[in-house]
Structure formats: C-alpha cells, structure tokens
Protein chains: 4
Amino acid sequence: MNGYQRVKEKKKAAIKNGAFSLFAERGVKDVKIEDIAATAGVSQVTIYNHFGSKENLLSEVIKEYILEKYEEFKAMLLDKKTFKEKIEAIIFMKIEAARLHPDTIAAMLKESNLNAFLQQFQEERFIPLLIDMFDEAQKNGEVNPAISNEMLLFYLDIFRNFPQEKFMALMRGDKIQHTKEIMQLFFYGLSVPPENK
Amino acid sequence: MNGYQRVKEKKKAAIKNGAFSLFAERGVKDVKIEDIAATAGVSQVTIYNHFGSKENLLSEVIKEYILEKYEEFKAMLLDKKTFKEKIEAIIFMKIEAARLHPDTIAAMLKESNLNAFLQQFQEERFIPLLIDMFDEAQKNGEVNPAISNEMLLFYLDIFRNFPQEKFMALMRGDKIQHTKEIMQLFFYGLSVPPENK
Amino acid sequence: MNGYQRVKEKKKAAIKNGAFSLFAERGVKDVKIEDIAATAGVSQVTIYNHFGSKENLLSEVIKEYILEKYEEFKAMLLDKKTFKEKIEAIIFMKIEAARLHPDTIAAMLKESNLNAFLQQFQEERFIPLLIDMFDEAQKNGEVNPAISNEMLLFYLDIFRNFPQEKFMALMRGDKIQHTKEIMQLFFYGLSVPPENK
Amino acid sequence: MNGYQRVKEKKKAAIKNGAFSLFAERGVKDVKIEDIAATAGVSQVTIYNHFGSKENLLSEVIKEYILEKYEEFKAMLLDKKTFKEKIEAIIFMKIEAARLHPDTIAAMLKESNLNAFLQQFQEERFIPLLIDMFDEAQKNGEVNPAISNEMLLFYLDIFRNFPQEKFMALMRGDKIQHTKEIMQLFFYGLSVPPENK
DNA sequence: AATGAATGAGGGTTCATTCAT
DNA sequence: GATGAATGAACCCTCATTCAT
C-alpha cells in the first residue's frame, strides 16, 4: 500500500469511526450525512465517493464492528481459564459496550440490511465458540448437564442483554458486592447457594 | 354520553389503536401521519384536531398502553397465589407483549418525551408491587434473603427483557420442556437443582 | 324587529366587533376564524352562517367602520366653528384612531376587496365635506387662496397619515406644547410664524 | 473571488432581488418560497441552503435594502448644497421608493423580527444626519429656530410618509406646479408665503 | 339556528443524493 | 479525488371551509 492509499484509508477510517459514534449515540435516523461529514472533517460528497449511500456506510460500519468484537471475544476465551471467569468476562464485555453506546447498537443492526450476514456470522462463528465452552463446563460438572445447548445460549443472551441504565445505576452502588450477586444469580438463580447453606 | 361524544371516542380510539400498531411495527420515525390516517379511516387533519401533533399522539398512545398494562399486571398479581406462579406470569406477560410488538415498544418510549412520567410511574406504581412480592417470597424462604431489593428488581428485569426473536424461536421447539427449563434457570441458575440431585 | 331577531343581531354585532379588534391588532392574515369565534363566544360555523366567508366578514366589518367614522366626522364638523378648530379636530380624530389600532386599518383595507366601494365613498361623501370646509376658509382668508383643492386635500392627508408610533412617543412628552407646534407647522410650515416676528 | 463564489453571489443576489420584489408586491404572507424559487430560477431547497428560513431571507433582504438606502441618502446629502434642495431630494427619494413598491415596505418591516436592528440603525445613523442638516438650517435662518429637533424630525417624517397613491395621482397632473406647491406647504404651511405678499 | 367533527388544499422545511467545477 | 452548490421527494402541520347532527 503506497502513501496515497494510506491517506485514503485513513479518511475512510475517520469517516467510519465518526459514523459509528454518531449512529450509536443518536440512532441511525437521527444522524444526517451532513453530521458525519462534519465529524470526519470531509465534505458530504466524499462520503458518497467512498461508500455510495448512507445504508452502505451503515453496513460497512457494522460489519467492521462485529468483526472486531469477534476477534476480541475469541482472544478473551483463550485467555480465561475457568468457566466462571469466561462467563464473567462475557458479561463484562457486554457491559463495557453498553457503557460506551447504550443500547443503540441493537437499533443500528435493525436499521441495516445485514440480517442475513449477521445471522450467518452468529451461527458460524460466535455460537460454535460458546457451544464448546458450555460443553466443556457440562463435562466438568460446572453446568447442569440437563440443559440443552439452545437453552444455554438463550440464558446467556438474557444476561448479556440486561437493561443498561439499570445496570449502570446498580454499579454506582457497592460494585464488588453487586458483581458477586450477579454471578450468584447467574449460577444459582434465586435459590440459596450451597456455600451459604 | 351523547351521540357526538360516542362517535368521537370511537374515532379517537381507532386512531390510537392504529397509531400504536404502526409505531410498534415500523418505529415512530417510519410512520407518517398519512399512514395513521389511512389506517384509522380518517383524514390527516382529524388526527391533528384530536391530538395536536405527532409527538402528542405518541405520548397519549404510550400513556394509555402503560396504564393498561399496569392494571393488567396488578390484577394478575392478585390472581396468582404462589411466588413461582407470579414470576411465571410476569415472564409470560412480557412474552405476550413481545410476540405482539417485537421490541419496538422500547424504541417508542425513547422517541417520546415521557421520560419523567415513565420514571415516576415506574417508581410509584410498578416497583412497590414487585417489592412486596419479593419481600413475601423472602419471608417464605422461596427467595434467597441475602439478595437486596434492587438486585432482585434488576434480576427480574433481565428476565423480562430477554431477546424476543430468540425466545420465539425457542418456543417453536418443545414449548413445555423449554418453559420448565426457563423457570429452573430463573430459580436455580446454571447449577443442578436440588430435586435433580 | 322581534326578540329573536334582536338576539341574532346582537350575535352578529359581537362577531363584528371581535373581528374588527382582531383584524386591527394582528392584521387580517394573522387572524384565524377560530380566533374570531372564540372572541365572540360562538362556533366557527356560526360565523359562516352569518357572513359566508372570511372575506365577506372583513368587508362588512370595514363598511360598518367607515360609515360610523363618517357620521362621527360629519357631526364634528358641525360642532366646531372655526377652521382651525376643525383642522385640529380632524388631526386628533386620526390620532385617536391610531392610538386604538395602530396603522393596521390601512392594511385591513388592502386585504379587502372594497376598493371600488371605498373610492366611491371617499369621493361622494368625505371629500365634499372637506372641499366645503376649505372653500370657506379660503374665502375667509384663513388659507392661501392660491392652493388648489386637490393639493389641500393632499396636504390634509399628509397630516392625517403621519407615523403613529413617532407621534405617540412625542405626545408622551410635553403634550400641550407639542400640539401647539404641530398646528403651527400645519399653518406656517418651517418658516417663522407672523405672531413671533 | 473564484468561479464558485462568483456564481454563488450571483445566485444569492438573484434570490434576494426576486424575494424583495415579491415581498414588496404581494406582502410577505402571500409569497411562497416556491414563488421566490421560480422567480430566481432555482429550487426551493437552494433558498434554504442560502438563507435557512423564510424569516431569515426576509431579514437579509430588508437589511440590505436599508443599508443601500442609507448610503444613497448620505451621498445625496453631500451632493445637495442648500437646505431646500436637500429637503426636496428627501421628499423625492421617498416618492421614488413609493412609486417602485407602494407602501408594502412598511408591511415587510412589520413581518420581520428586525425591530431592534431598525431602531438602532435609525437612531445611530439616519437621525444624526438629519439633525446636522436641521441645525445648520436653523443657524442659517432657513428654519424657525424655535422648533425642537424632535418636532423637526417628526415633521419631516410626516412628509416622507404621505399617502402614495394620492401623491402619484397628483403627479400625473402638472408635475412642476405641484412640486412647487408641496415645497411651499412644507416651508410656509397653509399661510400666504412672504414672496406672494 | 347552532355546533362538534371532519377535511382539501396548500406551505415551510428537511435530507439523502447528484451535479459541476 | 474532493468540494460547493443544487435538488426531488417527502413529511409535518395549518386554516378556511363543509358535513352531519
């Protein structure tokens, strides 16, 4: 890649970054091309030269975001050793994302026409990683072996999509205590956990 | 109520119902007043005569929806006797709502300027009902008494806001089995429940 | 006229009065039928039953106003004896009108389709009165006999149409002194008046 | 100035000119953006790109007009030597304006939100020029020194605001004779002027 | 005769996108 | 390749007026 192309890629990246932030902050419908152009310090037409349309820009932005998250996620799974650590890390990755762009990511996905892509990505990449993780935990006796794979994924999703504002409010209280409680709820639900008996 | 008023109330109701459905289906921004008018079988101006503005119509529609849900909720709590039944009912109320208007209700609330109203409503009406329910369950030993009120509310919220599409997909499988599993997760988390030991 | 008709006429009068005030205050274009209805305490349709259209209501309102002013004017001319008194009264009638509805009367006339009527009324009724007045004053030596009728009318009009806000501001100062000065200007212009020589 | 700017300025000027004419002819309320766009040979949106809103366009148009008139006025005062010439020129400037846009300028000003600006402009720019002119004329004995500044300004305003249609009608008669008469009225009022005695 | 309800015909404004330099 | 300027297609909302009771 020569110098010229590098500059070009930088511009594209600047546009994408700005667009992502704006989309996440305000929702796709409330972001004008004009805003993205201003944020990236380019003209509106430059955006069209690079991306063709707003919809297209949105798609590219989301794809990049998903890929990035996927790599991060895979690395994390390798890094953490025990099941509990992994679960904890998954939940906190979600929290971090939520803190940065409170729940508009989901809205962004909806506005996009990437359903097929996203589903495929999910099925072929994310889910296998999780299934492996659960399989191992069930073998180790860390997870109730009676629960089906699909239910486990669903359960995890429930925890990964908890309402952010509420969570953030909670975490402004006794953070360590609350974290313990959440993990407890995740592993033992409402019942009294064995170690307390 | 005279003839005029009866007709008027009917029209207003027709507009509200149509507006609610459209808002929930497509998102507020993607619904034109023209669409609502066509759905309700009136002219656009009639909508303005009744509601003043799109924003106002949105507010009224949401307020009505919330109040309705609240009454339904209160009645349900009185009807169900045990804690488990109540929890089950709560989750299934949410599911029913989700089935009818997949997760755009939240988006509607965001577009509205009812934040203050909603928060107050939540704090003064919904939450007291839930706190009472949990208190009683903790006294009865049905719920771990070490868990704080705020954490219990948060936990319930997690379950009430689980991702709909996934849930609907799940329920197209073995419904009874899955329901049992969800309740188990809610009460015992990932751990092996006592009765299975 | 029976009781029924009397009530009806009262309603019409109430509508006209309200309409006149509103038209004069805000300008015809900025007054909605709705406003007039509210001011008169009737429904919009009642206004249509009585007047047929906004334009028509405007016409009737103006006609009535002009006729009233004409009668008042005629009476005043009979009442005042000397030419100076008459001129003074003319100017002050104009001022009074201006104080009540600052310069929107002219705008009202423009919005109406009464040009023909107004011109005829002017020519056949108002102007003859004024011409008589000037003729007499010229015969008495109170007015320069070299000035033509049309120029005299024009000169009078100049004084009757002076800018209101400025005048009102002036009158908040030394009223008596200013009134004297205006009369002096009218009769002697910028030159030093004879009595001061 | 590059090619872009030149074209842009031309377009802006074309829009302003067209807007001014239309506003003056029909009154602000009766001019649609669509009309202005058609007159200037651009699309409606171009007008919004340049001026932001109808109200803003009106303001800019008025401001430009006022500034232009001010410069013209100042130049004229320098050009004319004697007091009488100046007064005559002032009156005829007004007449010319009236001939081009019969008394809708005032209406335009009313519709605008420039009251503060106009008042300041008046007080800081126009009035000082006139005060100087009168001061000098009073020193020279051309004007009755007993008349206060405010009254002189008011008197001049009266003459500058005389009813246009009437004046135009008059001027279709013996123009030179009438002009002489008006000047006479201005300087000597209704009384017999000294030179005729 | 009077009213509550409804409406047709517009008018201002916005925004993604294209044109011309 | 990048930009300033221009635009078509909508959308919200208003108001004089008519309909139905």
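Note: hydrogens, waters and symmetry copies are ignored here, and every other heavy atom, side chains too, is used. Sequence lines set the chain letters: A, B, ... in the order given, protein chains first and strands last, and positions in each chain run from 1.
- Between the NZ atom of C/K32 and the P atom of F/dC13 there is a distance of 14 Å, given to the nearest Å.
- Ranking E/dA16, F/dT17, E/dG12 by closeness to the A/K54 side chain, first place goes to E/dA16.
- Only one option out of A/K54, A/K29, A/R26 pairs with A/E111 in a salt bridge (charged side-chain N to carboxylate O under 4.0 Å, His left out); it is A/K29.
- Residue A/D30 contributes atom CG, which lies 15 Å from atom C1' of E/dA16 at whole-angstrom precision.
- When distances run from any side-chain atom of D/V45 to the nucleotides F/dG8, E/dT17, F/dT14, the shortest one goes to F/dG8.
- Listed nucleotides: E/dT3, F/dT7, F/dA16. Nearest to the side chain of C/Y48: F/dA16.
- Taking the side chain as every heavy atom from C-beta outward, D/F51 and D/V61 never approach each other to under 4.5 Å.
- Listed nucleotides E/dC19, E/dT13, E/dA2 differ in distance to C/N49; the shortest reach to its side chain belongs to E/dA2.
- When the C1' atom of F/dA6 is taken as reference, atom CZ of D/F51 falls 14 Å away, rounded to whole Å.
- C/E34 comes within 4.0 angstrom of nothing in the nucleic acid, heavy atoms only.
- Counting non-hydrogen atoms of other residues, nucleotides and ligands closer than 6.0 Å to CD of B/Q119 gives a total of 12 or fewer.
- One interatomic measurement links the two molecules: CD1 of C/I47 to C1' of F/dT18, which rounds to 15 Å at whole-angstrom precision.
- Distances shorter than 4.0 Å separate none of the side-chain N or O atoms of C/T46 from OP1 or OP2 on E/dA2.
- Heavy-atom minimum distance, A/S43 versus A/A37: C-CB, 3.8 Å.
- Note: NZ (A/K29) to C1' (E/dT14) measures 14 Å, nearest angstrom.
- The main-chain N or O of B/D35 is found under 3.5 Å from a side-chain atom of B/T39 such that the two form a donor-acceptor pair.
- To the nearest angstrom, P of E/dC15 lies 11 Å from CZ of A/R26.
- Along DNA chain E, the nucleotide closest to C/S43 and the one closest to A/Q44 are compared, and the more 5′ of them pairs with C/S43.
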Next on the checklist: Pairs counted only when both distances fall under 3.5 Å, Watson-Crick or G-U: show me the 5' to 3' dot-bracket for DNA chain E, [ ] for pseudoknotted crossings and | for other-strand partners.
Outcome noted: .||||||||||||||||||||
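- The shortest distance between the side-chain N/O atoms of C/H50 and the OP1/OP2 oxygens of E/dA1 is not below 4.0 Å.
- Remark: C1' of E/dG11 and CD of D/E55 are 15 Å apart, rounded to the nearest angstrom.
- When rounded to the nearest whole Å, the span between CD1 of C/I33 and P of E/dA5 equals 19 Å.
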Checklist entry - Going through the checks in order, is the salt bridge (Lys or Arg N to Asp or Glu O under 4.0 Å) test met by A/K63 and A/E60? => result CA-CA 5 Å; A/K63 275 186 185 164; A/E60 293 211 22; over 6 Å; no
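- Taking CG from B/L109 and OH from B/Y65, the interatomic distance works out to 8.5 Å, rounded to the nearest 0.5 Å.
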